[in-house]
**Student:** 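Quick one: the structure is below, questions incoming.
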Amino acid sequence: MIVMTDVLEIIQQRHSARVPFDPNHRVPQEALRQILEAARWAPTAHNMQNFQILLIDDKKILEKIGNIKSRVSATFIRENYLQLSFSEEELLQKRVGILCTNFPLDWRDPAKIEKAVRESMPRPLRERINGSPLLLIVIYDSRKRAPASEGDVLGFISLGCVMENMWLMAQSLGISVHVLSVFSGDDVEKEVKRILHVPEHMKIAFAARMGYPISKPARHLRVRRDIETFVHHNLFGNSGFGWEK
Ligand SMILES: Cc1cc2nc3c(=O)[nH]c(=O)nc-3n(C[C@H](O)[C@H](O)[C@H](O)COP(=O)(O)O)c2cc1C
């Protein structure tokens, strides 16, 4: 049997780098080209290749984007709460979701969530960009869709393939990545599109900051479900795939 250890290792090592990056440590052009080559070869529904990618490395433009202020949505705070674990033990048991320690105290207490929603302060995107010397912003044409794909679900899956291809390539090159969904939120998207001269009909799928962490990131717990908990053998609900010994 062929075991693609290298590919699996890169997949397992890929992670979200929610840490400050060194603004002066630039991603080498050759590495960037390989990341884009990985994007180029991503599978897309009907091979529509439904993406354009903006590379932002100009300090003045990064600064302008960094000055955009965004307020977290009430929906985000409420629904985020449902994904939280409050201790490493709980997360280890659940195997899905995230640890609460990254979020403000008021977002973690159901009694305080409504107040937090009302009082959430706008924060500059600079805090999210967090020193990164490079942003990749993936956009798509909102006037098109994959054939007969309601809501362009197939188009969005395709954009996810682009994300993963680039992330894995970056990981293999030792470049850290952090996806920032905030860029596709209505107000932020509008401002970013204005600054970058993006045509009206193009929408932001996601942004990713890339670079090198300033210091070695602290260990953080990453969990995944066991295969048996999401695989159904022949019929839904049939667990226990009979693995050959
Ligand atoms: C479509 C998508 C959007 C995401 N948006 C964000 C985001 O806005 N901020 C963030 O910190 N992580 C974001 N992530 C990263 C996930 O939270 C992360 O992949 C997940 O918690 C697993 O952690 P890992 O990437 O370290 O394995 C996003 C991931 C995906 C696939």
Side-chain angles (χ1 to χ4, degrees), residues 7-21 35 38-39 42-44 50-51 53 65-66 68-86 88 90-92 94-104 107-108 120 123-132 135-140 151-172 174-189 192 203-211 213 216-226 230:
V7 176
L8 191 56
E9 263 176 25
I10 290 165
I11 289 171
Q12 289 171 339
Q13 286 162 1
R14 181 217 54 79
H15 62 279
S16 297
R18 297 187 187 92
V19 289
F21 290 173
I35 291 167
T44 54
N50 57 336
F51 59 92
I53 302 178
I65 295 176
I68 299 172
K69 287 199 171 155
S70 79
R71 190 190 295 273
V72 69
S73 78
T75 312
F76 179 86
I77 298 182
R78 285 197 199 96
E79 294 183 4
N80 177 62
Y81 174 74
L82 302 174
Q83 311 305 326
L84 295 182
S85 280
F86 295 85
E88 290 206 347
E90 185 184 352
L91 187 58
L92 275 170
K94 280 191 185 165
R95 304 281 191 98
V96 295
I98 40 186
L99 203 55
C100 70
T101 39
N102 276 332
F103 297 99
W107 296 17
R108 314 180 202 168
S120 79
R123 288 166 54 203
L125 282 193
R126 185 179 307 105
E127 291 178 14
R128 321 277 180 100
I129 295 171
N130 215 352
S132 179
L135 281 181
L136 271 74
I137 304 184
V138 176
I139 59 177
Y140 64 96
D152 199 21
V153 172
L154 298 179
F156 288 116
I157 293 174
S158 308
L159 293 165
C161 294
V162 174
M163 177 196 282
E164 182 70 343
N165 265 21
M166 292 199 294
W167 207 338
L168 292 177
M169 180 52 79
Q171 177 66 36
S172 77
I175 294 163
S176 291
V177 176
H178 179 194
V179 168
L180 297 170
S181 300
V182 64
F183 278 73
S184 48
D186 282 348
D187 291 350
V188 171
E189 182 186 48
V192 172
K203 299 269 297 167
I204 296 179
F206 63 90
R209 54 192 279 270
M210 291 194 186
K216 203 166 175 280
R219 181 199 77 89
H220 79 278
L221 182 63
R222 294 177 65 237
V223 293
R224 292 300 191 266
R225 298 171 295 166
D226 288 332
F230 59 82

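As the structure lists them, so they are numbered: ligands from 1, and atoms in each ligand from 1. On a predicted model such as this, the values are computed, not experimentally measured, just so you know.
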**Student:** Which heavy atom of Leu168 sits nearest to which heavy atom of Ile11, and what is that distance?
**Tutor:** CD2-CA, 3.7 Å
**Student:** With side chains defined as the heavy atoms from C-beta onward, is the minimum distance between Ile98 and Asn80 less than 4.5 Å?
**Tutor:** yes
**Student:** Contact between Arg123 and Lys69 at the side-chain level, heavy atoms closer than 4.5 Å - yes or no?
**Tutor:** no
**Student:** As an exercise, identify every atom of ligand 1 less than 4.0 angstrom from a heavy atom of His178.
**Tutor:**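 So the answer, numbered in order with elements, is 9 (N), 10 (C), 11 (O).
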**Student:** Any donor and acceptor pair, going by atom type alone, linking the side chain of Arg95 with main-chain N or O of Arg224 inside 3.5 Å?
**Tutor:** yes
**Student:** For ligand 1, which atoms, with element, lie under 4.0 Å from some heavy atom of Leu180?
**Tutor:**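 Selected atoms, number and element: 8 (O).
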**Student:** Quick check: His15 and ligand 1, any N/O pair under 3.5 Å apart?
**Tutor:** no
**Student:** Considering only the protein, which heavy-atom contact is closest to atom 15 (C) of ligand 1, and what is its distance?
**Tutor:**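 Looking only at protein heavy atoms, the one closest to atom 15 (C) of ligand 1 is Ser16 OG, 3.4 Å.
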**Student:** So, is Ser181 polar-close to ligand 1, with some N/O to N/O distance under 3.5 Å?
**Tutor:**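 There is such a contact, yes.
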**Student:** Identify the heavy atoms of Leu159 and Asn50 that sit nearest to each other, and give their distance.
**Tutor:**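 Distance-wise, the nearest heavy atoms are CD2-O, 3.6 Å.
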**Student:** Tell me the contacting part of Val179 for ligand 1: side chain, backbone, both, or neither, using a 4.0 Å heavy-atom threshold, strictly below.
**Tutor:** both
**Student:** Among the heavy atoms of Gln12, does any lie under 4.0 Å from an atom of ligand 1?
**Tutor:** no
**Student:** Among the heavy atoms of Arg14, does any lie under 4.0 Å from an atom of ligand 1?
**Tutor:** yes
**Student:** What do you reckon, does Arg222 have a nitrogen or oxygen under 3.5 Å from a nitrogen or oxygen of ligand 1?
**Tutor:**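 So ligand 1 has an N or O lying under 3.5 Å from an N or O of Arg222.
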**Student:** Cys100 and Arg108: which non-hydrogen atoms are nearest, and at how many Å?
**Tutor:** O-NE, 3.3 Å
**Student:** Check this for me: Lys94, atom NZ, are more than 12 non-hydrogen atoms of other residues, nucleotides or ligands nearer than 6.0 Å?
**Tutor:** yes
**Student:** Answer side chain, backbone, both or neither: which part of Arg209 comes under 4.0 Å from ligand 1, heavy atoms only.
**Tutor:** neither
**Student:** Parallel, tilted or perpendicular: which fits the ring planes of Phe103 and Phe76, with parallel below 30° and perpendicular above 60°?
**Tutor:**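 Phe103 and Phe76: tilted rings.
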**Student:** Would you indicate whether Asp187, at its atom CG, is surrounded by more than 12 heavy atoms from other residues, nucleotides or ligands within a distance under 6.0 Å?
**Tutor:** no
**Student:** Report the nearest protein non-hydrogen atom to atom 20 (C) of ligand 1: residue, atom name, distance rounded to 0.1 Å.
**Tutor:**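 Result for atom 20 (C) of ligand 1: Arg18 NH2, 4.4 Å.
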**Student:** Among all protein heavy atoms, pick the one closest to atom 22 (C) of ligand 1 and tell me residue, atom and distance.
**Tutor:**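 Answer for atom 22 (C) of ligand 1: Arg224 NH2, 3.7 Å.
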**Student:** Check ligand 1 against Met163 and write out every atom of the ligand that is under 4.0 Å from a heavy-atom position of the residue.
**Tutor:**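 Listed by number with element: 1 (C), 2 (C), 31 (C).
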**Student:** Could any protein non-hydrogen atom be found less than 4.0 Å from atom 29 (C) of ligand 1?
**Tutor:** no
